[in-house]
Structure formats: C-alpha cells, structure tokens
There are 2 protein chains.
Amino acid sequence: MSTPTLPDPATPSFSPLYQQIKALILQSLQAGEWKPGEPIPSEMDLAARFRVSQGTVRKAIDELAAENLVLRRQGKGTFVATHAEQQVQYRFLKLVPDSGDTAAEGPAERTIVDCKRLRASADVARALALRTGDAVLQVRRVLAYAGVPTILEDLWLPGAPFKGLTAERLRASRGPMYAMFEAEFGVRMVRAEEKIRAVLPDAEQALLLDVAANTPLLSVERVAHTYNDTPMELRRGLYRTDTHHYRNDLG
Amino acid sequence: MSTPTLPDPATPSFSPLYQQIKALILQSLQAGEWKPGEPIPSEMDLAARFRVSQGTVRKAIDELAAENLVLRRQGKGTFVATHAEQQVQYRFLKLVPDSGDTAAEGPAERTIVDCKRLRASADVARALALRTGDAVLQVRRVLAYAGVPTILEDLWLPGAPFKGLTAERLRASRGPMYAMFEAEFGVRMVRAEEKIRAVLPDAEQALLLDVAANTPLLSVERVAHTYNDTPMELRRGLYRTDTHHYRNDLG
DNA sequence: TAGTGGTCTAGACCACATA
DNA sequence: ATGTGGTCTAGACCACTAC
C-alpha cells in the first residue's frame, strides 16, 4: 500500500497516465514477460498492478491493439500479437493474385537459394543501424505460386540476434519466416516500411524468376523493425506482376 | 423535448449505441449539414441532440477521427476533414522524392493534357459502379517536379456528379484536385484502394513522360470512394521511379 | 472567463467463452 | 457460475483556445 510501480498520479508528469501505462506494458512485452500468442494479464489485474482504474488500462491497451501489438478477444483476454496467427499471416506481404482469391491458391512454395554470413556493406549497415563490416546474414529465396516463381527476395539480418540461423533451419520451418524469427530467435517484427520502384531484372534475377530480361518488375525494399523502432531486417524483393499485384488501402 | 432523432436507448437494437450515433453523424456529414473545414457541433451539443452521454458521442467521434472523416483540435472543436488541409494535402499520393525532402522540392507543376466526355467502357463502368455506355469524364494530366515530368494520370469520373467540369476549370484550380472536387462539386473522397504493377510505357506514354520505351514504370490503379463506399473516381497513374519512389508504411 | 476537447475515475450492465 | 473484454453513464478535473 505504499510506492506504486508508477509515478504518483498526483504529480501528473508530462504525458497522460494512460500513455505511461502503455509504455510500461510495452516494456513488459519487449522484455518477453509474456510470449507471442500468450494472454497478457486482464485489465483488472493490470489496473491493480499499476494502481490506476480499469478505464485507464483499457485506453492504453486500445492503443496497443490499434498498433497490432496485442490482440483483444472478447470473453477470452488480450493476447500478444504474433506473425503465426492464421488470420493475420503474412501481415507484411501485400502481393495478391489478380483473381483476388487468396485462399484458392494456397500457400507459396518456398525455395531457399542461399544463406551465408558476410560483412555488411555500407548501405546494408545503414539500413540496419550497424557499422560497415559488421557481421550480417544474407538469405536469398524464391516464392512460387502454382509452380510459377513470383517473388525473389534477398534479405539481410544482423548477425548477433540471429546467431545460428542456417539454410537448413530455414528450409525446416513451415509457417511465415517472421513467425520462425519469433519462436526461434525471440525477434518480433512490429512495423515495416517499404520503398517501391519499377525495375528491370539482371540476368541472374531473370533466370530465377523465369522471365525475359525486359520484363518490368516491382522492386520492394522493406526495412522491418522490432520494438523501439530498432531495424532488424532489410529485405529487397522483386515481384512479378503479370498474375499478381501489390494491393494498398489508403484510409 | 419529445421524440429524439434516435431509436430509444431502452430498445438497444442490435449494434452498440455509439455505432448508431456514429451512423447518424455520418448521415449528417454525407447530407452536407456541415461543410468541409467547418466545425461540427460540440460533443455536449451532440449528446443533447441524440440524448446520450457525452462519453458515447466521444467514442463515435473517436472512430470517425480514426477514419480521417473528421479532425479533432483541442480547445477549438471537431472539424469536417478536407483535402485542402495544409498538413494532409495529397493524402492519397504516396510518391515521394528519393531525397525524402518533400518540402524543398515544392508543389508539382501540373499540365492538363485533355478533358473529354465519353461513354464508359466495360471496365471503367465496373470500377465506377455504372453501366457500360453511361456518360463519364476522362481527364489526362502530367505532373512534373523541377521540370521533370514524373506522373502521367488518366482519370475517369461519373458524368452526373461532375457535370460542368472542363479542362479550363481544372487549369484554373490551384490546390489538390480532390480539394476542388469538394469545393466545386460537393464530392468528398474518403477512402481509396490501389493496385500496383510494373509496366513498360506505350509510345505515347513514353513521349509524355520523356522516357525511353524500355523504361520500367509503376502502374498505379486507384479507385477512390466517397461516403458509403461509393466509387467516384478511377485513376490510372504511371509513375517514374528514377528520382521518386512509392512509400508505404506497414503497421 | 467561458467553451472546447482530453483525461481519469467508478460503477453498472452486457456479450462472449470456458468450466 | 465465473471471468473476460465491451458498452454506457455521470461527474470531476485538466489543457488548450479564444475573447
């Protein structure tokens, strides 16, 4: 009944109480106090823990839910969001078949072309907030739909958090790669930004995607971030857009 | 002091009260009871009008604000969103210069190439929820940055709501086209969806964008909707991505 | 000073899921 | 029956804006 985990509400600090609560919950998420897919404590429990009203906790969780960090399920609880969810699988992949029938087409067939350790070039280092020459992993893979190679991806990961990642482990994993990152390396991708251009493939890329050298392709450069906006992946994708398109909703 | 504009809260219907309030406010927005840029009544006024608590009105407005239909300004009021706002200008345009310095580059130079009335083809009619052969307007324009033609747009508008739109009026208007649609035709674009592909230009397109015929370009097909998800514009853009890129944030 | 939206609380009741 | 999140209310106080 004495010092709460929290700055005294009587000294309102500078940010609203619910923002402070949100930050505290975020810290627990980041620290791994609750694992992806698991429920976090109920609103009442959190309210007691932080010595605020349930309504204040609710507003904090509302914002976390809006940012897709947690998932509310009525009657059951609030759960730590995960890329392994069936409903939100491939959250970051916006390429959809022209038919619009995502389900009929089934999951992509995935081929790991390559996975090697190397030293970060200047631009890779900049994107991952590393220093040039730091250890990184580079993965190249191809995704095919109905036997048609459609996506060629090169991705770079910081060496330290992904120590032990090999082509074999990539081939062995079933679901989305980001789900594997969560389960095996404790790295949760929370937000990403993409820069999209139209390009022509080089000879090797054309071969891997089975297209002519003059076929225009989407170049999608993605930087994915974990908590605190820490960049944890640089991904350069080449998308064929003869049977698929990149879909974007503008609110 | 008798019949409220609202179903009796004692008969809760099937959707939450705040959703019903939201729908009623939406109707007033759609009917033009308050014009773009103007304030809507205060939360207290709306609560009295609908005979619910201020908190319920607040939650309804919260959702409208999250959907960018209204804009809250502390201490001043809640305002009908508009495309003419300085801060949210070009809400739907995701092409940004590679330098990232949007401001330094200044607004685009706009050239109206063409504006004509014609009959809707099958695909245009489908996108605009019209019948093939219905009257539509077609506009073609080029946007240039620092003298470099960068965007070539063809857009189709339903004939009826845009009666009286001419190339002259387009050339005369200053701000974003969507702001002009609001002010001159009472049509507010609220939501849009885009399908993006990589393509090669035809001869005419290459000429207008001043690029070689084998230059890959982004094809951005946008359908913009007004209230009630009514499609009101089909726009096909060709973007040069040598100095700009399409930027997308994935939450 | 008055009015607006923003925060915080406390309590009642509802809808859903589980045991 | 119990516990969860979801809705609704009422009232107090804060922060910002305008006059």
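Order of the sequence lines sets the chain letters (A, B, ...), proteins ahead of strands, with each chain counted from 1.
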Q: Map Q54(B) and V57(B) onto DNA chain D by nearest heavy atom, then report which one ends up closer to the 5' terminus.
A: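 Residue closer to the 5' terminus by nearest nucleotide: V57(B).
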
Without decimals, in angstroms, what is the distance between [X] [atom1] and [N] [atom2]?
| X | N | atom1 | atom2 | answer |
| --- | --- | --- | --- | --- |
| L71(A) | dG6(D) | CG | P | 10 Å |
| M44(A) | dG5(D) | CE | P | 10 Å |
| L46(B) | dT4(C) | CG | C1' | 13 Å |
| E43(A) | dT7(D) | CD | P | 11 Å |
| L64(A) | dG5(D) | CG | P | 13 Å |
| F50(B) | dT9(D) | CZ | C1' | 18 Å |
| Y18(A) | dG5(C) | OH | C1' | 12 Å |
| R73(A) | dC16(C) | CZ | C1' | 13 Å |

(Q) Could you go through F162(B) and F181(B), starting from their C-alpha distance and side-chain angles, then the distance that decides it, and tell me whether this counts as ring-ring contact (aromatic ring centres under 6.0 Å, His included)? (A) CA-CA 8 Å; F162(B) 288 96; F181(B) 289 172; 4.8 Å; yes

Q.
Does the plane of the ring in H83(A) sit parallel, tilted or perpendicular to the ring in Y178(A)? Use 30° and 60° as the thresholds.
A. tilted

Output yes when at least one side-chain N/O atom of [X] is less than 4.0 Å from OP1 or OP2 of [N], else no.
| X | N | result |
| --- | --- | --- |
| S42(A) | dT4(D) | yes |
| S53(A) | dA10(C) | no |
| K76(B) | dC16(D) | no |

Q | Electrostatic pair D62(B)-K22(B), nearest N-O below 4.0 angstrom | A | no

Q | Lys/Arg-Asp/Glu bridge criterion (N-O < 4.0 Å) met for E63(A), R72(A) | A | no

Q) Counting only distance, no hydrogens or angles, is the base of dG6(D) paired donor-acceptor with the side chain of R72(A) under 3.5 Å? A)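 Absent.
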
Q) Does a distance-only test, which skips hydrogens and angles, find a donor-acceptor pair under 3.5 Å between the side chain of R58(A) and the base of dG6(D)? A) yes

(Q) Under 3.5 Å, is there a donor on one side chain and an acceptor on the other for E153(B) and Y239(B)? (A) no

**Q.** Sugar-phosphate, base or nothing in reach of Q74(B), heavy atoms under 4.0 Å
**A.**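 Counting heavy atoms under 4.0 Å across all strands, the contact made by Q74(B) includes a base.
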
(Q) Measuring from the side chain of K59(A) (C-beta onward, heavy atoms only), which nucleotide among dC8(D), dT7(C), dG5(C) has the closest atom? (A) dT7(C)

